[in-house]
Amino acid sequence: MMGYRKFDLFIWVLSVLCLGWLCSGFNPADIYLIDCGSPANTSVGNRVYVADNLASKFLSTPKDVVANISLKSITSFDDSPLYQTARIFTESSKYTFSISQSGRHWIRLYFYPFVFGGYDLSKAKFSVSTQNHVLLGDFSVQNASLVKEFSVNVTSDSLVITFTPSNNSFAFLNAIEVVSVPNQLITDDANNGLHGLTTHTQALETSWRVNMGGPTVSFEKDTLWRTWVPDQSFQVNANLAKYVSNIAAVTYDAGSALATKDIAPQTVYGTLTEMKSADDTNSNFNVSWEFTVDPGFQYLVRFHFCDVVSKSLYQLYFNVYLDSLIVARDLDLSTLATNKLAVPYYMDYVTTSAAVSNKLRISIGPSPLNNAYPNAILNGLEIMKLNNSAGSLGGANSLVPSSNSSSKSNVGVIVGAGVGSFIAVVLAAILFVLYRRRKRLADQGHSKTWLPFSINGTNSHTMGRKYGTTASAASNYSYRFPFGVVQEATNNFDESWVIGIGGFGKVYKGVLNDGTKVAVKRGNPRSQQGLAEFRTEIEMLSQFRHRHLVSLIGHCDDDSEMILVYEYMENGTLKSHLYGSGHPSLSWKQRLEVCIGAARGLHYLHTGCAKAIIHRDVKSANILLNENLMAKVADFGLSKKGPEIDQSHVSTAVKGSLGYLDPEYFRRKKLTEKSDVYSFGVVLFEVLCARPVLDPSLTKEMNLDEWAMEWQKKGQLEQIIDSTLAGKIRPDSLRKFGETAEKCLADCGVDRPSMGDVLWNLEYALQLQEAEIPGDAEENSTNTIGEQSPQVNNFQ
């Protein structure tokens with residue numbers, strides 16, 4: 001009988017809580033609040049956390065260990081009563097919650113370490129996971145109260161949260177929340193600028209929630225029980241910023257598809273940080289903030305804006321940056337906020353690729369548009385981590401201390417729950433206006449000569465209410481760099497920074513704001529290679545990643561520019577190490593390893609995709625070397641998809657570089673993967689002989705492939721090797737290398753080996769070169785080639 005009374009009390013508590021949530025405009029279908037280890041219900045604000053014994057039916061654990069301490073011992077950190085008690089798990093334990101309505105749910109986990117009996121909670125180390133995601137991995141908490149907040153999509157009728165102690169350790173928990181969240185709060189609609197954020201697969205962890213220009217906003221003042229912390233501690237240079245508070249001016253416009261009080265409270269939108277221009281109309285600087293994040297993850301960044309500083313419309317234009325990328329250019333809040341001032345507005349941006357640094361920089365700066373007074377503002381910011389490809393959020397332990405509900409709230413940071421939504425009627429209006437606004441902005445943005453694109457035929461980014469630009473991580477799509485960022489990276493295309501010139505244009509060395517070195521290829525408008533090659537390069541490199549293919553970091557198409565940004569290859573081209581540049585000569589082993597790396601890249605192109613990719617411009621100038629002399633194939637502007645299964649070739653116009661062209665392809669206009677094999681055979685002889693494929697100084701023009709093949713067929717290949725290799729090549733290694741090159745240069749494509757076979761033979765040639773002969777050191781070996789052979793110094 002007593003058990004039924006406890007259960008009835010539990011239902012009553014949930015009913016009261018639901019009524020409280022209903023008042024904020026959203027009635028959660030599921031809501032569980034549990035004070036772990038507590039013998040009685042605990043009130044925090046106007047919410048009630050159920051006693052641990054009433055919620056025991058949700059817990060499955062081999063051993064019950066309940067800990068409690070007096071409130072006095074923790075007031076130095078946080079006076080929340082939730083931290084007085086804890087439940088300790090010595091073995092894997094599970095909370096199982098019934099889910100009445102599938103969809104997004106927030107999970108909030110409360111931690112505060114203290115000593116109880118033989119357990120020092122600061123030494124606990126454990127993992128937390130759901131059925132589909134790892135939330136925390138090898139996690140520990142030390143000397144601070146902490147709230148971890150996650151958003152997961154539950155598609156089954158139950159949510160299981162498992163606590164697993166690490167080796168010889170234990171786990172603990174002070175309190176737990178599981179609450180339904182309206183799916184519209186975080187959407188995966190690409191039209192909303194969140195392409196790649198899939199509700200059914202993505203889990204999120206709130207990293208930071210910041211109130212720019214204002215004090216801490218405690219959970220009592222937020223409809224969704226979030227705490228917003230001040231921004232001063234994150235500022236890069238506080239002397240460049242000033243703070244404004246005009247909370248009374250904020251006007252929520254529900255019919256405008258902008259922000260509501262559930263998106264962020266009035267106290268957030270009514271305060272801001274802006275440029276400290278000091279009446280200087282020539283001010284030109286950015287106000288920046290830096291946040292610590294876990295590298296290796298993508299992040300959803302939500303910007304909050306509300307213009308409570310302008311005296312009239314169309315005065316404020318500014319740019320918003322994330323690291324070195326422009327998230328929003330010439331942002332005009334007057335237009336976006338339905339031609340009104342002081343109307344809250346927000347926009348989302350999903351970082352295109354995983355963070356490589358543990359710092360994320362947010363900046364705002366002036367726009368020169370309409371000769372506006374230099375100013376920029378930001379009212380609030382939220383940063384949420386997305387799970388990686390393995391479904392995990394468990395990165396480095398970025399411990400975010402929680403905030404007080406009292407005057408001590410500036411001690412720490414609480415990552416509050418970002419829950420809330422619009423009522424059904426407002427939601428319908430939002431979606432309608434959103435669609436109309438996106439369509440209008442998209443029409444305005446399509447006035448360029450040509451548009452960026454994605455591999456699925458849609459635009460590479462979209463603009464709308466959230467005005468974000470993103471790309472799908474699954475497609476490996478590259479950043480779209482603003483022209484100004486590329487200019488800055490290349491020192492305004494300084495001619496002294498040119499590292500190469502090709503048919504497409506010049507290649508510049510560049511350095512991004514975060515110090516990353518890049519190679520910037522800028523298209524020449526007068527070049528015979530143009531838009532088609534530019535689009536092909538992006539399309540091809542968006543489909544694959546391989547350690548022996550040069551990675552495309554981004555592109556720029558501003559003002560009809562055609563700019564490609566690649567990873568920087570420290571040692572330049574293979575060609576530059578063979579002749580004509582004065583670069584150090586490569587050893588025979590290094591040359592073999594370079595050829596093997598390039599062969600692996602080409603083999604991947606031919607076999608690693610659903611349909612073969614034919615490079616069509618294989619040459620030594622398109623094989624680049626990084627700081628470790630690892631070879632990577634580059635320049636995919638001429639690449640072509642291979643034939644269909646029921647076809648033997650692709651009929652196409654002949655393109656490529658003289659001296660490397662497959663003669664069969666040249667005669668018949670029929671392209672196959674074996675055309676790349678032929679070109680690679682030329683590269684092999686180029687590597688061996690260190691000579692140009694064409695030498696116009698000769699009285700009789702003869703290509704390198706024809707000249708080298710004459711010596712190969714005579715069995716005298718050692719006569720024409722690079723003089724720097726004299727006495728350093730083992731006969732068997734040279735023989736296998738020469739045979740491989742000869743087979744690549746067969747007249748008919750069907751007689752040539754595949755790139756896989758070429759790769760195998762080159763690896764065998766390397767093994768033969770490295771094979772030790774007893775009592776015969778390589779440098780003194782009588783079995784090396786060319787030590788006393790006369791060198792043939794010209795093609796004749």
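None of the values given here were measured: they were computed from a predicted structure.
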- Note on the structure: Checking L381, N211, T267, T216 against W228 for side-chain contact (heavy atoms from CB on, under 4.5 Å), the one that qualifies is N211
- Message: Show, in sequence, the C-alpha distance, side-chain angles and deciding distance for Y110 and E177, and conclude whether the side chain to side chain donor-acceptor pair (under 3.5 Å) test is met.
- Response: CA-CA 9 Å; Y110 292 75; E177 298 181 21; 2.6 Å; yes
- Query: Closest heavy-atom contact between N286 and P366?
  - Reply: OD1-CD, 4.2 Å
- Item | The single option from I176, V48, T85, N41 passing side-chain contact (heavy atoms from CB on, under 4.5 Å) against D35 | T85
- Query: Do the two ring centres, one from F305 and one from F318, sit under 6.0 Å apart?
  - Reply: yes
- Item | Student check: side-chain heavy atoms of L322 and I362 closer than 4.5 Å | yes
- Query: Short question: side chain of T273, backbone of G213 - any donor-acceptor pair under 3.5 Å?
  - Reply: yes
- Message: The test is side-chain contact (heavy atoms from CB on, under 4.5 Å); show your working for Y321 and N513 and say whether it passes.
- Response: CA-CA 11 Å; Y321 305 85; N513 286 343; over 6 Å; no
- Does some side-chain heavy atom of Y345 sit less than 4.5 Å from a side-chain heavy atom of D253? no
- Item | From T260 atom OG1 to Y252 atom OH, the distance as rounded to the nearest 0.5 Å | 7.5 Å
- Message: Closer than 3.5 angstrom, by distance alone: can the side chain of N174 be matched with the main-chain N or O of Y112 as a donor-acceptor pair?
- Response: yes
- Item | Heavy-atom closest contact (E274 atom, L272 atom, distance) | CB-CD1, 3.8 Å
- Rounded to the nearest 0.5 Å, what's the gap from CG on N153 to CD on Q202? Could you check? 10.5 Å
- Task: Apply side-chain contact (heavy atoms from CB on, under 4.5 Å) to I377 and V287, showing your working.
- Result: CA-CA 9 Å; I377 67 171; V287 178; over 6 Å; no
- Message: If we ignore hydrogens and angles and just use 3.5 Å, is the side chain of S180 paired with the main-chain N or O of D30 as donor and acceptor?
- Response: yes
- Check the pair V308, V250 against side-chain contact (heavy atoms from CB on, under 4.5 Å), reporting the backbone distance first and the verdict last. CA-CA 7 Å; V308 295; V250 177; 4.2 Å; yes
- Task: State, yes or no, whether a side-chain contact exists between D307 and V309 at a heavy-atom distance under 4.5 Å.
- Result: yes
- Message: Quick one, T206 and R226 - any side-chain contact, counting heavy atoms below 4.5 Å?
- Response: no
- Message: Test side-chain contact (heavy atoms from CB on, under 4.5 Å) on V178 and I161; report intermediate values, then the result.
- Response: CA-CA 10 Å; V178 174; I161 303 175; 4.0 Å; yes
- Message: Pair K359, T292 - check side chain to side chain donor-acceptor pair (under 3.5 Å), show working.
- Response: CA-CA 5 Å; K359 296 293 183 182; T292 301; 3.0 Å; yes
- Distance-only, no hydrogens or angles: does the N319 side chain make a donor-acceptor pair with backbone N or O of D330 under 3.5 Å? yes
- Message: I need the minimum non-hydrogen distance between Q232 and P230, along with the two atoms involved.
- Response: OE1-CB, 3.1 Å
- Task: Please state whether the rings of H304 and Y269 are parallel, tilted or perpendicular, taking 30° and 60° as the class boundaries.
- Result: perpendicular
- Flag, side chain of T42 to backbone of Y49, donor-acceptor distance under 3.5 Å: no
- Query: Looking at P344 and C306, what are the two nearest heavy atoms and their distance?
  - Reply: N-SG, 3.8 Å
- Item | N/O donor-acceptor pair under 3.5 Å between T130 side chain and H133 backbone | yes
- Donor-acceptor contact present, side-chain D323 to main-chain L325, <3.5 Å: no
- Could you tell me whether a side-chain N or O of R302 sits under 3.5 Å from a main-chain N or O of Y346, the two making a donor and an acceptor? no
- Message: Would you compute the distance between atom CG of L333 and atom OH of Y317 and round it to the nearest 0.5 angstrom?
- Response: 10.5 Å
- Task: Would you indicate whether the side-chain heavy atoms of P81 and V44 approach each other to under 4.5 Å?
- Result: yes
- Query: Side chains of T271 and Y243: does their closest heavy-atom pair fall under 4.5 Å?
  - Reply: no
- Is any side-chain heavy atom of N237 less than 4.5 Å from a side-chain heavy atom of F285? no
- Query: If you measure from CH2 on W289 to OG on S233, what distance do you get to the nearest 0.5 Å?
  - Reply: 12.5 Å
- Note on the structure: Interatomic distance, CD1@I383 vs CG@L204, rounded to 0.5 Å, equals 13.0 Å
- Is it true that a side-chain atom of K385 and a backbone atom of L393 form a donor plus acceptor pair closer than 3.5 Å? yes
- Plane angle bin for F234 and W208 - parallel if under 30°, tilted between 30 and 60°, otherwise perpendicular: perpendicular
- Rounded distance (nearest 0.5 Å) linking atom OG of S207 with atom CZ of F297: 9.5 Å
- Query: When the ring planes of F139 and F111 are compared, do they come out parallel, tilted or perpendicular, using 30° and 60° as the limits?
  - Reply: tilted
- Task: Work out which heavy atom in Q142 is nearest to a heavy atom in S122; give both atom names and the distance.
- Result: CG-O, 3.6 Å
- Message: If you define the side chain from C-beta out and look only at heavy atoms, does anything of L135 sit under 4.5 Å from K148?
- Response: no
- Item | Within 6.0 angstrom of E290 CD, more than 12 heavy atoms from elsewhere | yes
- Message: On a heavy-atom basis, which atom in A489 and which in L512 lie closest, and how many Å separate them?
- Response: CB-CD2, 4.1 Å
- Item | Check: S283 side chain, S277 main-chain N or O, donor-acceptor pair, under 3.5 Å | yes
